[in-house]
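Heads up: the structure comes next, in structure tokens.
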Amino acid sequence: MNEQTLGHWLAPNPAVMQWVEAQAKLCAPDRIFWCDGSAAEKEYLTERAVTEGVLVRLDQKKLPGCYYHRSNANDVARVEQCTYICTETEEDAGPTNNWLAPKAMYTKLRALCDGAMRGRTMYVVPYLMGPLGSPLTKVGIELTDSIYVALSMRIMTRMGRVAYEQLGDGAEFNRGLHCMLDINPERRYIAHFPQDNAIISVGSNYGGNVLLGKKCLALRIGSYLGRREGWLAEHMLILGVESPEGEKTFVAAAFPSSCGKTNFAMIVPPPQFKGWKVWTVGDDIAWMKPGPDGRLWAINPESGYFGAVPGTNSKSNPNAMTMIQHDTIFTNVALKPDGTVWWEGHDDPPPAECLDWRGNKWTPESKEKAAHPNSRFATPMINNPMLAPEADDPKGVPISAIIFGGRRADTLPLVYQAFNWIHGVYVGATMGSETTAAAVGGVGQVRRDPMAMLPFCGYNMGDYFRHWIGMRKKIKFPPRIYYVNWFRKDAEGKYLWPGFGENMRVLKWIVDRCRGRADADEAPLGWVPGPHCFDINGLPNFSRDTLAKLQSINYEDWRREIISHDELFMKIYSHLPKEMIFQRELLVSRL
Ligand code: OXD
Ligand code: MN
């Protein structure tokens with residue numbers, strides 16, 4: 001196979017042709033490569049990426065189909081300061097987003113893209129977000145001058161001819177343009193034009209900024225379209241819990257970036273949960289729409305996992321460890337001399353010597369980390385041994401519970417259930433979490449991150465809350481809403497809850513509540529597990545006292561917490577639904 005036979009496949013759709021031609025005229029690439037998603041194309045592009053030095057082939061006996069990529073050191077995470085929502089008015093984008101008028105942003109970015117692909121190849125990457133034939137599925141086309149992006153999009157989306165199949169003669173597809181430029185943070189923009197269903201991303205090659213189907217289309221543009229069309233685009237994993245009797249309950253959960261969504265989506269129940277299984281539908285994004293049966297149905301629009309690597313091991317995520325043994329692209333982990341990879345928190349001890357994520361020699365004595373804290377794997381979902389058979393079902397799965405959760409060392413208990421939908425919206429809206437390495441900036445500071453969507457909501461956050469409240473009328477059998485916090489610490493700074501597989505105990509209580517077979521007590525924050533409904537048997541060094549500490553409410557902490565909620569509410573006050581203010585009053589009076 002060579003480029004002659006591969007690069008000649010043309011998309012027949014006139015709207016596609018016209019748009020690609022216009023962008024090619026602007027960016028002036030030397031070549032246009034029309035991706036078709038075939039296996040031969042993957043082989044060809046991979047070979048080419050290796051020749052160009054973009055990918056390093058890992059040991060193909062130990063890690064078949066695995067490759068290694070090192071990013072520019074200034075380009076390792078999402079950059080929220082460079083991310084814009086270019087709605088017609090600033091108010092439509094709201095005070096939690098950066099905004100520039102569409103015309104001004106188009107002018108600025110077209111100037112940057114002018115001739116930007118000279119001497120380079122433009123890859124035309126057609127893709128689907130969602131299974132073929134689902135009413136929720138959206139078509140996107142990304143034009144990129146990054147071969148790494150073309151290969152990663154093939155993992156993360158249903159990429160290739162299948163997208164043209166869904167599109168047919170239509171002109172409704174997301175128009176995404178990505179130019180790496182010189183990977184300069186000064187000229188880095190991730191700009192969304194929701195009214196035009198368009199995205200332009202320049203100056204970066206980091207997944208979250210440039211795999212345009214993911215955060216840009218599936219969340220920012222998706223949330224905007226969801227409000228217009230009556231559905232929800234959320235930063236949520238989706239999993240299915242199967243009981244020993246074969247009853248399946250599907251749950252969606254929103255945690256901020258790098259707070260354990262991938263681990264929770266792939267949780268392996270501990271031995272005492274004999275016969276219980278957990279299936280993964282998705283680990284990052286859920287699109288949810290009311291179905292004709294009155295339930296809320298969800299799909300995972302992605303077809304792969306772009307997970308944070310550090311801390312992944314056979315205790316935290318055994319399924320992930322299995323799935324990344326083949327056909328995976330690793331970015332910014334450490335490269336061992338034997339052609340395998342390592343990271344902090346790996347099962348294996350640190351290698352005596354390796355190359356760190358910057359390509360420098362690293363030994364256990366080195367002060368720097370070997371893998372970047374936001375190093376990533378990109379793996380197709382079919383690699384996951386516990387992939388739910390429903391993950392490819394165009395209907396999606398019916399959601400019985402929605403869980404919100406953050407990384408909080410104090411204040412927030414292990415688990416509680418909201419009293420009803422509107423209270424649940426308030427619980428999600430007031431969520432806070434410590435910042436992580438997934439975005440550039442300080443790590444470990446608590447910030448409000450409503451529904452884990454602060455960096456991903458494509459319109460005014462107050463209107464987003466209103467949309468959530470309004471959805472209640474469209475869902476006859478709404479999911480129950482819960483809050484969890486795996487990260488509470490004691491006075492010595494030690495985690496009170498063992499986490500990982502043991503989170504199954506919390507999940508089981510949640511499922512049992514949805515199925516009407518677990519007791520709960522009424523508490524100021526919501527319903528909490530009744531004394532005999534939460535199984536702690538077999539947990540080492542864990543007593544009912546520890547559980548009481550995990551569930552305790554400190555009134556001084558909650559006074560501060562509510563003041564911090566108020567700061568967000570004041571910021572978006574002009575669009576804040578009054579229900580949020582009523583819920584605040586109710587909470588204060590219960591406390
Ligand atoms: C992600 C993120 O990569 O949330 O999923 O940053
Ligand atoms: Mn995410």
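Computed from a predicted model, the values in this text were never measured in an experiment.
- Ring centroids of Phe500 and Trp486 are separated by 6.0 Å or more, keeping the two rings apart.
- Residues Asn205 and Ser146 bring a donor and an acceptor atom of their side chains to less than 3.5 Å of each other.
- Judged by distance alone, with hydrogens and angles left aside, the side-chain atoms of His69 form a donor-acceptor pair with the main-chain N or O of Val54 at under 3.5 Å.
- Applying the side-chain hydrogen bond (donor to acceptor under 3.5 Å, both in side chains) rule to pairs touching residues 348-357 yields nothing, sequence neighbours excluded.
- Within 6.0 Å of CD on Glu229 lie more than 12 heavy atoms contributed by other residues, nucleotides or ligands.
- A distance-only check finds no donor-acceptor pair linking the side chain of Ser366 to the backbone of Trp362 [under 3.5 Å].
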Going through the distances and angles, do Asp145 and Arg120 end up as a salt bridge (charged side-chain N to carboxylate O under 4.0 Å, His left out)? CA-CA 7 Å; Asp145 57 353; Arg120 307 179 58 78; 3.1 Å; yes

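- Stacking of Arg110 on the aromatic ring of Tyr106 is recorded, both the 6.0 Å distance cut-off and the 45° axial limit being met.
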Can you check salt bridge (charged side-chain N to carboxylate O under 4.0 Å, His left out) on Glu52 and Arg48, steps first, answer last? CA-CA 6 Å; Glu52 287 176 6; Arg48 185 157 157 175; 3.5 Å; yes

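- To the nearest 0.5 angstrom, Ile183 atom CD1 is 10.5 Å from Arg187 atom CZ.
- A distance of 6.5 Å separates CE of Met321 from CG of Asn313, quoted to the nearest 0.5 Å.
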Test side chain to side chain contact (heavy atoms under 4.5 Å, CB included) on Lys261 and Asp284 and set out the steps. CA-CA 7 Å; Lys261 279 201 301 300; Asp284 196 39; 3.3 Å; yes

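- Note that CD1 of Ile329 and OG of Ser152 are 4.0 Å apart. Values are rounded to the nearest 0.5 Å.
- For CD of Gln18, the number of neighbouring non-hydrogen atoms (other residues, nucleotides, ligands) closer than 6.0 Å is 12 at most.
- Interatomic distance, Lys215 NZ to His192 NE2, rounded to the nearest 0.5 Å: 11.0 Å.
- Across all non-hydrogen atoms, the minimal contact from Pro337 to Cys354 is CD-CA, 4.3 Å.
- Rounding to the nearest 0.5 Å gives a distance of 11.0 Å between CD1 of Ile221 and CG of Leu219.
- Defined by atom type and a distance below 3.5 Å, a donor-acceptor pair is present between the side-chain atoms of Ser71 and Asn332.
- Between the Thr435 side chain and the Gln445 main chain, a donor and an acceptor come within less than 3.5 Å of each other.
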What verdict does the salt bridge (charged side-chain N to carboxylate O under 4.0 Å, His left out) test give for Glu165 and Arg158, after you've listed the backbone C-alpha separation in whole Å, the side-chain angles of each residue and the deciding distance to 0.1 Å? CA-CA 12 Å; Glu165 226 174 277; Arg158 292 155 176 95; over 6 Å; no

Step by step, work out the side chain to side chain contact (heavy atoms under 4.5 Å, CB included) result for Asn460 and Asp92. CA-CA 5 Å; Asn460 191 303; Asp92 287 345; over 6 Å; no

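- With respect to Lys42 and Glu47, no salt bridge is recorded, no charged nitrogen being found less than 4.0 Å from a carboxylate O.
- Partners of Trp343 according to the side-chain hydrogen bond (donor to acceptor under 3.5 Å, both in side chains) rule, which considers only residues two or more places apart in sequence or in another chain, do not exist here.
- Heavy atoms only, all atoms of each residue included: Asn98 and Thr83 are closest at ND2-O, 2.9 Å.
- Remark: the backbone N or O of Trp231 is paired with a side-chain donor or acceptor of His467 at under 3.5 angstrom.
- Annotation for Ile155 and Pro380: closest pair CG2-N, 3.3 Å, computed over non-hydrogen atoms.
- The heavy-atom pair separating Gly405 from Met431 by the smallest distance is O-CE, 3.3 Å.
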Evaluate side chain to side chain contact (heavy atoms under 4.5 Å, CB included) for Cys113 paired with Leu177, printing each intermediate quantity in order. CA-CA 9 Å; Cys113 293; Leu177 174 62; 4.0 Å; yes

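- Between Phe377 and Phe330, the distance separating the two ring centers is not shorter than 6.0 angstrom.
- Remark: the backbone N or O of Leu454 is paired with a side-chain donor or acceptor of Asp449 at under 3.5 angstrom.
- A donor-acceptor pair is defined here as one N or O able to donate and one able to accept, closer than 3.5 Å; such a pair exists between the side chain of Asp75 and the backbone of Tyr206.
- If you check the side chains of Asn319 and Asn384, you find no donor sitting under 3.5 Å from an acceptor.
- Under 3.5 Å, the side chains of Tyr464 and Arg227 contain no donor-acceptor pair of N or O atoms.
- Glu43 CD: 12 or fewer foreign heavy atoms inside a 6.0 Å radius.
- Taking the centre of each ring, Tyr123 and Trp34 stay at or above the 6.0 Å mark.
- With no hydrogens or angles considered, no side-chain donor-acceptor pair links Ser204 and Tyr189 at under 3.5 Å.
- Of the candidates Phe193, Tyr459, Trp99, Trp99 is the only one forming a side chain to side chain contact (heavy atoms under 4.5 Å, CB included) with Thr87.
- Salt-bridge check for Arg188 with Asp182: failed, with every basic side-chain N at 4.0 Å or more from each acidic carboxylate O.
- Residues Asn209 and Ser201 bring no donor and acceptor atom of their side chains to less than 3.5 Å of each other.
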Please evaluate residues Lys315 and Asp347 with respect to the criterion salt bridge (charged side-chain N to carboxylate O under 4.0 Å, His left out), reporting the C-alpha separation (whole Å), side-chain torsions for both, the decisive distance (0.1 Å), and the verdict. CA-CA 9 Å; Lys315 177 175 175 234; Asp347 291 317; over 6 Å; no

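- Closest of all the heavy-atom pairs between Glu344 and Ala371 is OE1-N, 3.1 Å.
- Not counting sequence neighbours, Gln23 has no partner by the side-chain hydrogen bond (donor to acceptor under 3.5 Å, both in side chains) test.
- In terms of modelled atom types and a separation under 3.5 Å, the side chain of Glu90 and the main chain of Pro95 share no donor-acceptor contact.
- Listed for the Ser303 side chain is a donor-acceptor partner under 3.5 Å among the backbone atoms of Thr157.
- Cation-pi geometry between Arg220 and Phe456 is not met at under 6.0 angstrom from the ring centre and within 45 degrees of the axis.
- With rounding to the nearest 0.5 angstrom, the CD1 atom of Ile382 is 8.5 Å from the CG atom of Leu387.
- In this structure a side-chain-to-backbone donor-acceptor pair under 3.5 Å is missing from Thr379 to Met323.
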Residue pair His326, Leu63: steps toward the side chain to side chain contact (heavy atoms under 4.5 Å, CB included) verdict: CA-CA 5 Å; His326 63 103; Leu63 296 169; over 6 Å; no

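- Aromatic pair Phe255/Phe404: ring centres not closer than 6.0 Å.
- Using modelled atom types, no side-chain atom of His235 and backbone atom of Met453 make a donor-acceptor pair closer than 3.5 Å.
- Across all non-hydrogen atoms, the minimal contact from Thr436 to Ser257 is OG1-O, 3.0 Å.
- No side-chain N or O of Thr340 forms a donor-acceptor pair with one of Asp59 less than 3.5 Å apart.
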